[in-house]
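A note on names: the letters A, B, ... follow the listed sequences, proteins ahead of strands, and every chain is numbered from 1. What you see is a predicted model, and the numbers here were worked out from it, not measured in a lab.
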There are 2 protein chains.
Amino acid sequence: MNKKQVTTEHHHFPWDHPRFRSWIAVARACQLMQQTLTRELAHLDIKPPHLDILINLYRFDGITQQELARKLLVGRSNMSMLLPQLEKRGLIERRGDERDKRVLRLSLTPAGRTLTEEAMEIQTALIEKSLTGSPIEDCMTVAQSMERIIATLLKEDGDREHGPSSAER
Amino acid sequence: MNKKQVTTEHHHFPWDHPRFRSWIAVARACQLMQQTLTRELAHLDIKPPHLDILINLYRFDGITQQELARKLLVGRSNMSMLLPQLEKRGLIERRGDERDKRVLRLSLTPAGRTLTEEAMEIQTALIEKSLTGSPIEDCMTVAQSMERIIATLLKEDGDREHGPSSAER
DNA sequence: ACATCATTGTACAACGATGAACAAAAAGCA
DNA sequence: TGCTTTTTGTTCATCGTTGTACAATGATGT
């Protein structure tokens with residue numbers, strides 16, 4: 001009687017679906033990771049959104065606000081709110097492009113680069129610590145699944161709006 | 001010289017770490033899923049946070065605000081802001097417990113239950129559609145990895161605060 | 001050249017999430 | 001009993017995110 005007499009696979013409730021349960025776990029893990037990162041980043045006086053920006057400037061010097069927003073999957077207005085803060089703190093610079101006077105090209109200051117390296121170290125350590133329980137091959141499986149999901153969602157998402165997106169980060 | 005003379009595995013940059021790249025994919029997938037769900041839920045006039053609440057009331061009738069907040073991994077104040085909205089819309093009820101006059105016990109109204117079922121259908125469909133590219137066994141691997149991450153983060157997280165947490169959702 | 005449309009960044013109002021401070025009720029302990 | 005501590009929920013200020021509307025600039029087409 002320990003099979004609960006459930007012989008059908010009707011899945012009356014969402015939480016009986018294996019994919020649903022999987023995704024809930026993903027969402028909760030993400031939420032927790034974000035909260036933990038927020039705490040561990042606190043003494044640098046930055047938050048995950050700022051770090052996302054800094055890392056992208058670290059990789060892609062001279063990027064524009066538009067491109068940055070697209071990589072981070074956020075709206076342009078978001079960048080217009082956050083970037084002036086980082087600029088006032090002397091972490092980034094915004095220079096207008098001469099050939100296209102609409103765009104602002106972004107780059108890290110030396111102080112910004114130093115801070116970014118410290119913050120990336122913290123983030124990397126946190127991720128390593130959280131994922132040491134999972135073998136590398138499992139991580140690759142996870143990555144593949146997530147890439148597929150991203151591709152699926154981005155397809156119907158990109159159709160409706162901002163043109164061809166990449167979001168490679 | 002196109003191998004950049006890097007023969008070691010030193011991983012100078014975070015994005016060279018396989019676990020780091022895996023996690024970035026997870027975070028981006030989560031972000032996209034949330035945005036997509038927000039859009040598909042729009043015509044019901046609710047957002048993912050509301051749905052999270054409703055689903056938990058659907059499963060755990062008579063739960064308190066504190067318990068609900070702990071399951072959702074958010075602060076109590078958050079519930080104090082959101083629940084009155086849902087109550088005014090006639091989707092939930094809040095009745096004071098007689099034996100403990102501090103707590104408010106939450107339950108869905110018939111209208112709330114109906115709406116929750118509609119919303120869950122939308123969410124389930126979205127998840128199924130996004131994950132059909134991944135075989136069930138991969139989903140199970142993902143779920144296991146995420147559970148491990150949740151356990152790891154919750155351990156050091158629960159130490160600092162609210163006592164024993166479960167967050168089973 | 002001129003009109004039209006698209007793109008880039010900003011301003012603003014609305015909303016969800018957070019942490020701190022607070023009041024009320026309960027629990028623990030002398 | 002009376003005191004302290006804990007728990008539960010609320011209030012408030014702050015912050016990140018979104019969508020809309022807008023101005024400036026560039027691109028396109030006639």
Side-chain angles (χ1 to χ4, degrees), chain A residues 27 30-32 34-39 41-42 45-54 62-89 92 94-106 157 160-165, chain B residues 30-32 34-39 41-42 45-53 62-89 92 94-106 157 160-165:
Chain A
C30 248
Q31 200 181 350
L32 261 174
Q34 185 97 344
Q35 291 174 356
T36 307
L37 182 61
T38 299
R39 286 201 317 270
L41 242 36
D45 211 36
I46 60 175
K47 298 186 179 173
H50 305 121
L51 180 55
D52 270 356
I53 293 175
L54 293 173
I63 201 179
T64 71
Q65 295 192 187
Q66 171 77 315
E67 291 166 339
L68 182 56
R70 213 192 49 217
K71 281 185 190 298
L72 300 183
L73 301 174
V74 299
R76 294 188 306 267
S77 53
N78 194 354
M79 296 297 98
S80 278
M81 307 288 281
L82 297 184
L83 291 174
Q85 300 177 6
L86 298 176
E87 192 180 24
K88 284 186 185 62
R89 287 178 55 183
I92 69 171
R94 298 202 291 176
R95 274 189 312 286
D97 190 320
E98 303 137 1
R99 297 184 299 190
D100 187 342
K101 288 173 194 159
R102 293 172 299 180
V103 316
L104 292 177
R105 303 223 158 257
L106 310 170
D157 199 53
R160 197 201 340 67
E161 211 187 356
H162 6 273
S165 326
Chain B
C30 248
Q31 201 181 350
L32 261 174
Q34 185 97 346
Q35 291 174 356
T36 308
L37 181 61
T38 299
R39 287 201 316 272
L41 243 34
D45 210 37
I46 61 175
K47 299 189 178 170
H50 305 122
L51 180 55
D52 270 356
I53 294 174
I63 202 178
T64 71
Q65 294 192 188
Q66 171 78 315
E67 292 166 340
L68 182 56
R70 212 193 50 219
K71 281 186 191 298
L72 300 182
L73 302 174
V74 299
R76 295 189 304 270
S77 54
N78 196 352
M79 296 297 99
S80 279
M81 306 287 280
L82 297 185
L83 291 175
Q85 299 177 6
L86 298 176
E87 193 180 24
K88 285 187 185 60
R89 286 178 57 182
I92 69 171
R94 298 201 291 175
R95 273 187 313 286
D97 190 321
E98 303 138 3
R99 298 183 299 189
D100 187 342
K101 290 174 194 159
R102 292 172 301 181
V103 316
L104 293 177
R105 303 223 159 258
L106 309 170
D157 200 52
R160 196 197 347 65
E161 211 185 355
H162 8 275
S165 324

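- One can place CD of B:Glu67 at 8 Å from P of D:dG9, the figure rounded to the nearest angstrom.
- Taking only side-chain nitrogens and oxygens, B:Gln35 never comes nearer than 4.0 Å to OP1 or OP2 of D:dT17.
- In this structure, of C:dG9, D:dT8, D:dT10, it is D:dT8 that holds the atom nearest to the side chain of B:Val103.
- Legend: residues meeting side-chain hydrogen bond (donor to acceptor under 3.5 Å, both in side chains) with B:Arg95, ordered by chain and number and at least two apart, are B:Glu93.
- Regarding contacts with the backbone of D:dT8, every side-chain N or O of B:Gln65 stays at 4.0 angstrom or more from both OP1 and OP2.
- Checking D:dG9, D:dT18, C:dT8 against every side-chain atom of A:Val74, the shortest atom distance belongs to D:dT18.
- Listed by chain and number, the residues in a side chain to side chain contact (heavy atoms under 4.5 Å, CB included) with A:Leu68 are A:Ile53, A:Asn56, A:Leu57, A:Ile63, A:Leu72, A:Met79, A:Leu83, A:Leu106 (sequence neighbours excluded).
- Among residues two or more places apart in sequence or in another chain, the side chain to side chain contact (heavy atoms under 4.5 Å, CB included) test is passed with A:Arg102 by A:Asp100.
- The residue B:Arg105 sits apart from the nucleic acid: no heavy atom pair falls under 4.0 Å.
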Could you run down the sub-3.5 Å N/O contacts of the protein with nucleotides 13-16 of chain C?
{"unit_1": "C:dG16", "atom_1": "OP1", "unit_2": "B:His50", "atom_2": "NE2", "d": "3.3"}
{"unit_1": "C:dG16", "atom_1": "OP2", "unit_2": "B:Gln85", "atom_2": "NE2", "d": "3.2"}

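- A donor-acceptor contact under 3.5 angstrom links the side-chain atoms of A:Ser77 to the base of D:dG19.
- Atom pair B:Ile63:CD1 and D:dT8:P shows a separation of 12 Å (rounding to whole Å applied).
- Rounded to the nearest 0.5 Å, atoms CG (A:Leu51) and CG (A:Leu37) are 6.5 Å apart.
- Atom pair B:Leu72:CG and C:dT18:P shows a separation of 10 Å (rounding to whole Å applied).
- Rounding to whole angstrom units, CG of residue B:Leu68 and C1' of D:dT10 are separated by 16 Å.
- The CG-P distance, from A:Asp97 to C:dT7, rounds to 17 Å in whole Å.
- Applying the side-chain hydrogen bond (donor to acceptor under 3.5 Å, both in side chains) criterion to B:Gln85, with sequence neighbours excluded, gives no partner residue.
- For the pair A:Gln34 CD and C:dA17 C1', the interatomic distance rounds to 11 Å; values are reported in whole Å.
- In this structure, A:Arg76 has no side-chain hydrogen bond (donor to acceptor under 3.5 Å, both in side chains) partners at least two apart in sequence or on a different chain.
- For the pair A:Leu51 CG and D:dG16 C1', the interatomic distance rounds to 15 Å; values are reported in whole Å.
- A distance of 10.0 Å separates CD1 in B:Ile46 from CG in B:Asp52, rounded to the nearest 0.5 Å.
- Scanning for side chain to side chain contact (heavy atoms under 4.5 Å, CB included) contacts around A:Ser77 gives an empty result, with sequence neighbours left out.
- Within the nucleic acid shown, B:Thr38 has no heavy atom closer than 4.0 Å to any nucleic acid atom.
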Encode nucleotides 21-27 of chain D as B, S and - characters from 5' to 3', where the letter depends on protein heavy atoms closer than 4.0 Å: B to the base, S only to sugar-phosphate, - to neither. ----BS-
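- When the side chain to side chain contact (heavy atoms under 4.5 Å, CB included) test is applied to A:Lys101, no partner is found at least two apart in sequence or on another chain.
- Taking atom NZ on A:Lys71 and atom P on C:dT8, their separation rounds to 14 Å, with Å as the unit.
- Note: B:Arg105 CZ to B:Glu67 CD = 6.0 Å, rounded to the nearest 0.5 Å.
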